[in-house]
Undergrad: 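One structure follows; several queries about it will come next.
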Amino acid sequence: GVRVLWGRCWEAGGAPAYWPWVQSIRALIRSRDPELVRKDLAAGAGDVAQIVPEVRELVPGVEEPPSLDPESSRFRLFDAVARFLVTAAEPDGLVLVLDDLHAADAPSLLLLRFLAGEIAESRLLVLGCYRDAELERHGPLSAAVVELARTPVTRRVDLHGLGPEDVAEFIRRTTGTDPPDRLVAGVHEGTEGNPLFLVEMVRLLEHEGGMGADHGEGRSIPIPEGIREVIGRRLAHLPGQTAEMLGLAAVLGREFDIESLGALAGSPTSSVVAVLEDALSARIVTDVPSAPGRLRFGHALIRDTLYEE
């Protein structure tokens with residue numbers, strides 16, 4: 001019975017500032033009684049209308065906010081949006097989902113930080129989702145995550161891959177077929193339960209009539225184009241030299257020894273480590289616990305994609 005709003009950041013670029021907030025507020029004012037919306041907006045209607053023009057249709061003759069310096073104007077906007085959402089959450093509760101925050105613009109993240117400080121006693125729950133593998137060390141989201149962690153209302157939940165039983169259930173629900181155990185094992189091994197990869201893999205298998213096939217290992221299942229595109233976007237952010245080194249590492253396997261990679265590349269170990277630093281920061285590769293000098297691709301499909309290319 002709780003109203004749920006969704007706002008998704010646009011990963012392709014070019015979206016206006018505050019885009020996930022614009023989507024969320026638009027959905028709220030379209031699904032709520034106009035009289036209640038006007039009441040909830042109150043004196044902040046003019047400020048909210050700066051990013052959501054539809055507000056002017058609901059509140060005729062809304063006054064323009066006063067001319068202030070940029071920081072003061074932004075603070076007024078943040079305060080108006082926060083008050084509107086907190087008020088709209090009464091009395092039944094409101095859930096706001098902000099998806100793909102790794103692609104969020106800096107103003108949207110600043111607004112999220114502001115809101116986090118205003119909702120302690122409210123009936124508003126905000127869920128912010130992002131791919132932690134795409135966190136840039138000095139990017140706006142990294143700073144926002146650090147600041148949000150300091151607020152007492154914030155909880156961080158790390159999502160891991162689905163287990164074999166959940167993979168089997170997902171296949172049953174989406175395809176209407178009861179998958180063989182070896183197919184489930186192959187899909188689970190190939191995707192490691194990653195929901196995005198799982199969706200693409202099952203879609204390809206269903207399209208090719210392979211749901212009843214007796215696949216053994218995950219690597220025997222072809223890599224869908226959608227997964228290649230996702231992995232390709234992640235690799236595209238890396239320097240060319242790093243991508244080339246990863247291609248060589250893929251020949252050595254899912255796990256590889258830095259010294260062996262150096263021998264293959266004809267480079268000293270210190271140079272290999274320096275070249276792979278960006279890949280480590282992006283979690284394309286990770287350290288192998290209890291095995292100094294060894295690295296591991298963050299996902300088998302990253303290694304497989306690089307190897308096939």
Side-chain angles (χ1 to χ4, degrees), residues 9 11 13 99-104 106 109 128-150 156-162 188-198 200 218-219 223 226-309:
C9 302
E11 296 188 75
D99 208 356
D100 293 328
L101 283 177
H102 50 272
L109 294 172
C129 311
Y130 64 91
R131 291 200 289 271
D132 57 356
E134 299 198 24
L135 273 180
E136 297 178 9
R137 187 179 303 174
H138 303 294
L141 180 56
S142 293
V145 168
V146 171
E147 291 299 323
L148 287 168
R150 295 173 180 167
R156 175 170 171 155
V157 180
D158 293 316
L159 301 180
H160 303 285
L162 301 175
H188 179 259
E189 181 180 342
T191 64
E192 297 180 9
N194 180 305
L196 176 62
F197 294 165
L198 177 60
E200 295 291 339
R219 60 177 171 271
I223 302 176
I227 294 179
R228 294 181 187 277
E229 291 175 2
V230 171
I231 293 174
R233 286 200 299 268
R234 287 186 61 184
L235 296 174
H237 296 294
L238 299 174
Q241 191 177 10
T242 302
E244 290 177 10
M245 188 68 75
L246 289 173
L248 293 177
V251 176
L252 298 176
R254 173 76 185 274
E255 288 187 13
F256 55 91
D257 182 86
I258 295 177
E259 188 173 341
S260 298
L261 179 58
L264 183 61
S267 303
T269 302
S270 58
S271 297
V272 172
V273 173
V275 170
L276 291 179
E277 184 177 348
D278 287 309
L280 283 161
S281 298
R283 295 176 64 179
I284 302 294
V285 294
T286 60
D287 293 313
V288 177
S290 305
R294 289 187 66 80
L295 297 176
R296 187 172 193 263
F297 281 98
H299 198 287
L301 288 175
I302 297 176
R303 181 263 169 185
D304 293 347
T305 299
L306 283 164
Y307 182 78
E308 288 189 13
E309 288 180 352

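Quantities reported herein were computed from a predicted structural model and do not represent experimental measurements.
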Undergrad: Are the side chain of T242 and the backbone N or O of L238 linked by a donor-acceptor pair below 3.5 Å?
TA: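 Side chain of T242 to backbone of L238: no pair is present.
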Undergrad: Got a second to check how far Y307's OH is from L248's CG, nearest 0.5 Å?
TA: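 It comes to 12.5 Å.
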Undergrad: Just verifying a value: how many Å separate T191 OG1 and L196 CG, rounded to the nearest 0.5 Å?
TA: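 Spacing of OG1 (T191) from CG (L196) equals 10.5 Å.
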Undergrad: Is there a donor-acceptor contact under 3.5 Å from the side chain of D287 to the main chain of P289?
TA: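 No, because the side chain of D287 does not come within donor-acceptor range (under 3.5 Å) of the backbone of P289.
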Undergrad: Any ion pair linking E200 and R228 (charged N to carboxylate O, less than 4.0 Å)?
TA: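 No.
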Undergrad: Which atom pair, heavy atoms only, marks the closest approach of L301 to G190?
TA: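 That closest heavy-atom pairing would be CG-O, 3.1 Å.
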Undergrad: Checking side chain to side chain contact (heavy atoms under 4.5 Å, CB included) against Y130, which of L101, D99, D100 comes through?
TA: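 Per the side chain to side chain contact (heavy atoms under 4.5 Å, CB included) rule, the option paired with Y130 is L101, out of L101, D99, D100.
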Undergrad: Output yes when E192 and R303 qualify as a salt bridge under the 4.0 Å nitrogen-oxygen rule, no when they do not.
TA: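 No.
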Undergrad: Working note: F256 + V285, criterion side chain to side chain contact (heavy atoms under 4.5 Å, CB included); need CA distance, chi angles, decisive distance, verdict.
TA: CA-CA 10 Å; F256 55 91; V285 294; 4.1 Å; yes
Undergrad: Would you please test L162 and L198 for side chain to side chain contact (heavy atoms under 4.5 Å, CB included) and show each step?
TA: CA-CA 9 Å; L162 301 175; L198 177 60; 3.9 Å; yes
Undergrad: If I take atom CD from residue E259 and atom CG from residue L264, how far apart are they, to the nearest 0.5 angstrom?
TA: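 One gets 13.0 Å once the value is rounded to the nearest 0.5 Å.
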Undergrad: Could you walk me through whether I258 and R294 satisfy the side chain to side chain contact (heavy atoms under 4.5 Å, CB included) test, starting with their C-alpha distance in whole Å, then the side-chain angles of each, then the deciding distance to 0.1 Å, before giving a yes or no?
TA: CA-CA 6 Å; I258 295 177; R294 289 187 66 80; over 6 Å; no
Undergrad: Roughly how far, to the nearest 0.5 Å, is OG1 of T305 from CD of E308?
TA: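 These two atoms lie 6.5 Å from each other.
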Undergrad: Locate the shortest heavy-atom distance separating R234 from A282; write the atom from each residue and the value.
TA: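 For R234 and A282, the tightest heavy-atom pair comes out as NH2-O, 3.1 Å.
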Undergrad: What are the two closest non-hydrogen atoms of H160 and D158, and how far apart are they?
TA: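 So the minimum-distance heavy-atom pair works out to CD2-O, 3.7 Å.
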Undergrad: For the CD1 atom of I284 and the CG atom of D278, what is their distance to the nearest 0.5 Å?
TA: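 Atom-to-atom, I284:CD1 and D278:CG are 10.5 Å apart.
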Undergrad: Under the side chain to side chain contact (heavy atoms under 4.5 Å, CB included) criterion, do V145 and R156 qualify, and how do the steps go?
TA: CA-CA 9 Å; V145 168; R156 175 170 171 155; 3.9 Å; yes
Undergrad: Indicate the atoms forming the closest heavy-atom contact of L235 with L306, along with that distance.
TA: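 Smallest interatomic distance, heavy atoms only, reads CD1-CD2, 3.7 Å.
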Undergrad: Take atom CD in E255; do more than 12 heavy atoms of anything else shown fall under 6.0 Å from it?
TA: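 Atom CD in E255 is packed in, count exceeds 12.
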Undergrad: When rounded to the nearest 0.5 angstrom, what distance separates CG in L109 from OG in S142?
TA: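 If we round to the nearest 0.5 Å, L109:CG and S142:OG are 10.0 Å apart.
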Undergrad: For L261 and A249, which heavy atoms make the closest approach, and how far apart are they?
TA: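 Closest approach of L261 to A249: CD1-N, 3.6 Å.
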Undergrad: Just so I know, are the side chains of F297 and T286 near enough to count as touching, which here means a heavy-atom distance under 4.5 Å?
TA: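 Heavy-atom side-chain distance check fails, nothing below 4.5 Å.
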